[in-house]
Amino acid sequence: MNKSFFKSKHWYNFRREPGAVIGSLIMVLFFLAAMFAPMIAPQNPYDLTEVSLEHFLLPPVWMENGQMPFVFGTDDQGRDIFSTILYGCRTSLIVGFGVLLLAGSAGVFLGMLSGYYGGRLDAFIMRAGDTVLCFSTSLLALFFLGIMGQRGVTMVIIAICISGWVRYARTMRGSTLGVKQEAYIMAARATGASDPTLLLKHLLPNALAPIFVVMAVDLAVVIGLEATLSFLGVGVPLTEPSLGMMIANGRDYVYTGMWWMVLFPAGALIMLVVGINLFADWLREELNPKISRKT
Amino acid sequence: MFVFIIRRLIQCVIVLLTVSLLCFILFQFAGDPVVNMAGKYATIEDIERVRSSLGLDKPFYVQYIRFIGNAAQGNFGMSYVSKMPTLELILERLPATVELAMTAMCIAFIAGVFLGVLVSLKPHSVFSRSIMALSLGGISIPTFLMGILLIMVFAVWLGVLPPFGRGETVNLGFWRSGLITVEGLKHIILPAMTLAMFQLAVLLRLTRGSMREILTEEYVVTAWAKGLPPLKVIFKHALRNALIPVITIAGLQIGEMIAFSIVTETIFQWPGMGNLLVRSIFETDNPVLVTYIMLAALIILAINLVVDILYAYLNPKIRYE
């Protein structure tokens, strides 16, 4: 991060938008919590030597019968809720960034080819994208995981990517079409740059900005989707932590008044997604060339 | 227009064939249902007998071609678990799902568009800001969580609405309806709200954005200036044009709607198709899965086609060649 960033227009606008600041603070908080989960968490909820059934169904500390160090209480297997949330956020963020990386790079690549070469290739990629998208990301992921019958973080990432690439491809195609007309691209072509050089060195860096907006929005969607899939039981397996699965487990205890198994992971999930959405909303307006800002 | 429809129909058939082929290819990599079905104590002969009785001993392409041939005649095979024709199993549960989805879609569309218009008129008022903040919650809370939170508040704490089931239903010929009894209506409120909430927030934000653009157009300014009644300007001049992108998106949301109806049905134990699908996934009841997927694909493609045609009628700028 160099000095010029702090003098830039974006940083100036960012500081003046409370939603964006709060959103990114929440994001940073969750990233750090997920990254350092093994150090922060009082117990590793998936290490059987650390979990004891003696402590099952304890309420949060401030309630009657609450015990330290189980700040948010425990679940039916004696796992500390707070620790499980930290580990669950890890899964959420791994899946989130995994999809961003995989679907993002595939989409950017296809979109660039589509926009640059046009013609039949373009028609085919875009047609395929339309079709995949009208089935919706969540439905395809659910069908794929349902048929495959295998669970796990990698499977979830692949399942979401089946249609996840389309938004990136569409956005990239659009911005490629714009950049393609620029003088520097023609200049590069005139100097005899090969297509790969032209695409990767000249076109890609200049056409990439709108992709960041899609990524920010997508991160929120993917994290929600992972939780949904795990909630349904087709996401990550029982042996791995997930916010969605915690909520699924705690759901049956809601009727007996043991709300902490649902409300704490739910709160964490909502906070994370709202934080990302707040930031994404700001980024969309900031990077939108159509909206001129008052500042 | 006619040529356009024919071409789209051919495309639909190609997509359906691709979907079914992909399903079949994926099943080759998935677990073997025969081992489960033959039971724990089956001998190798038993397993082989089950396999050949289901036609699963034939090569892949023979199975696929036979499936396509049967499917074209409306025969999608038998459920491994209940030994009933899968199409019958699914269609039996269709009314429950359609009633839920339609109710949710109506709530989402009416409330979403209405609130979107209100918010667009005074974008900086306290009311608009709080609605927008709530809509951020609406798009951020996943459907399954919304359902559980609604159950916690309205069924567990307040105890005013039932947390699961469909209540009393009445048989109207082939259609079993829950919308005409008081109990049935009480039961549909929570699941419909759950399913509607996300779409409502999306439609609200879309309407607001679209309205804010349209309201600055010259013909709207003219309409205000010549002193037309506000309601006429807002609804006749502005909203009509603002709705075009909203309707397109609403039509495209149908896939999402089906996916989230599956989630909603599981949470509320709603006796619909989605519930059946989730159960079939856990029972590796592949014929039911394939039938559901093909049916979902058919519905999605049909609705997309209808939306495209409607779009041409709504927007005179678009003519399909």
Side-chain angles (χ1 to χ4, degrees), chain A residues 19 23 127-128 130-150 162-163 217 220-221 223-234 243-244 247-248 250-251 254-257 259 262-263 265-267 269-278 281 290, chain B residues 11-12 14-15 18-19 22-27 29-31 33 132-133 136-137 139-145 147-149 151-152 155-157 163 198 251-260 262-263 266-267 274 277-278 280-282 284 286 289-290 292-293 296-297 300-301 303-304 307:
Chain A
R127 206 62 237 153
D130 288 348
T131 314
V132 169
L133 209 61
C134 81
F135 283 88
S136 100
T137 312
S138 24
L139 196 60
L140 281 177
L142 183 60
F143 284 166
F144 177 77
L145 290 167
I147 295 178
M148 293 307 282
Q150 287 165 10
I162 297 176
S163 71
V217 178
V221 174
I223 287 176
L225 189 52
E226 183 272 324
T228 305
L229 292 169
S230 297
F231 173 82
L232 286 176
V234 296
L243 294 176
I247 296 169
R251 174 164 82 122
V254 164
Y255 298 104
T256 54
W259 49 269
V262 168
L263 282 197
L269 182 63
I270 295 173
M271 235 173 100
L272 178 59
V273 177
V274 168
I276 298 171
N277 274 331
L278 278 173
D281 273 357
K290 276 190 208 155
Chain B
Q11 268 175 13
C12 289
I14 296 174
V15 171
T18 318
V19 169
L22 283 178
C23 285
F24 262 76
I25 293 173
L26 285 177
F27 277 132
F29 295 104
M132 287 316 287
L136 183 69
I139 59 165
S140 299
I141 301 178
T143 303
F144 78 96
L145 199 48
I148 290 176
L149 294 178
I151 289 182
M152 280 180 99
V156 180
W157 289 337
F198 178 78
L252 290 177
Q253 294 282 334
I254 185 71
E256 207 87 318
M257 202 73 181
I258 294 180
F260 290 129
I262 297 172
V263 178
T266 345
I267 296 169
L277 176 81
V278 173
S280 304
I281 288 178
F282 291 115
T284 45
N286 295 349
L289 233 70
V290 174
Y292 184 97
I293 293 173
I300 290 171
L301 290 172
I303 289 184
N304 268 301
V307 168

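So that the names make sense, note that chain A is the first sequence line, chain B the second, and so on, each numbered from 1. For clarity, every value in this text was computed on a predicted model and none was experimentally measured.
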Are Leu149(B) and Ile270(A) close enough that some pair of their side-chain heavy atoms sits under 4.5 Å apart? yes
Hey, does Ile151(B) have a side-chain heavy atom less than 4.5 Å from the side chain of Arg251(A)?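 They are not in side-chain contact.
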Heavy-atom contact with chain B under 4.5 Å, split by part of [X]:
X: Leu263(A); value: side chain
X: Leu145(A); value: neither
X: Ser138(A); value: both
X: Ala227(A); value: both

Specify the closest pair of heavy atoms between [X] and [Y], including all atoms of both residues, with the distance to one decimal.
X: Ala266(A); Y: Leu145(B); result: CB-CD1, 3.5 Å
X: Met152(B); Y: Val262(A); result: SD-CG1, 4.1 Å
X: Phe144(B); Y: Gly244(A); result: CZ-CA, 4.2 Å
X: Ala296(B); Y: Phe143(A); result: CB-CZ, 4.2 Å

Nearest-0.5 Å distance that lies between atom [atom1] in [X] and atom [atom2] in [Y]:
X: Ile267(B); Y: Leu232(A); atom1: CD1; atom2: CG; value: 8.0 Å
X: Phe231(A); Y: Thr143(B); atom1: CZ; atom2: OG1; value: 11.0 Å
X: Arg127(A); Y: Ile14(B); atom1: CZ; atom2: CD1; value: 10.5 Å
X: Phe144(A); Y: Ile293(B); atom1: CZ; atom2: CD1; value: 11.5 Å
X: Ile139(B); Y: Asn277(A); atom1: CD1; atom2: CG; value: 4.5 Å
X: Leu139(A); Y: Ile262(B); atom1: CG; atom2: CD1; value: 5.5 Å

Under 4.5 Å, counting heavy-atom pairs only, tell me which of Leu278(A), Asp281(A), Leu133(A) racks up the most with chain B. Asp281(A)
Counting heavy-atom pairs under 4.5 Å with chain A, the top scorer among Phe282(B), Phe260(B), Tyr292(B) is Phe282(B)
Contact winner vs chain A - Gln253(B), Gln11(B), Met257(B), heavy-atom pairs under 4.5 Å: Gln11(B)
Tell me, for [X] versus chain A, whether the close heavy atoms (under 4.5 Å) come from the side chain, the backbone, both or neither.
X: Val290(B); answer: neither
X: Ala297(B); answer: both
X: Ile300(B); answer: side chain

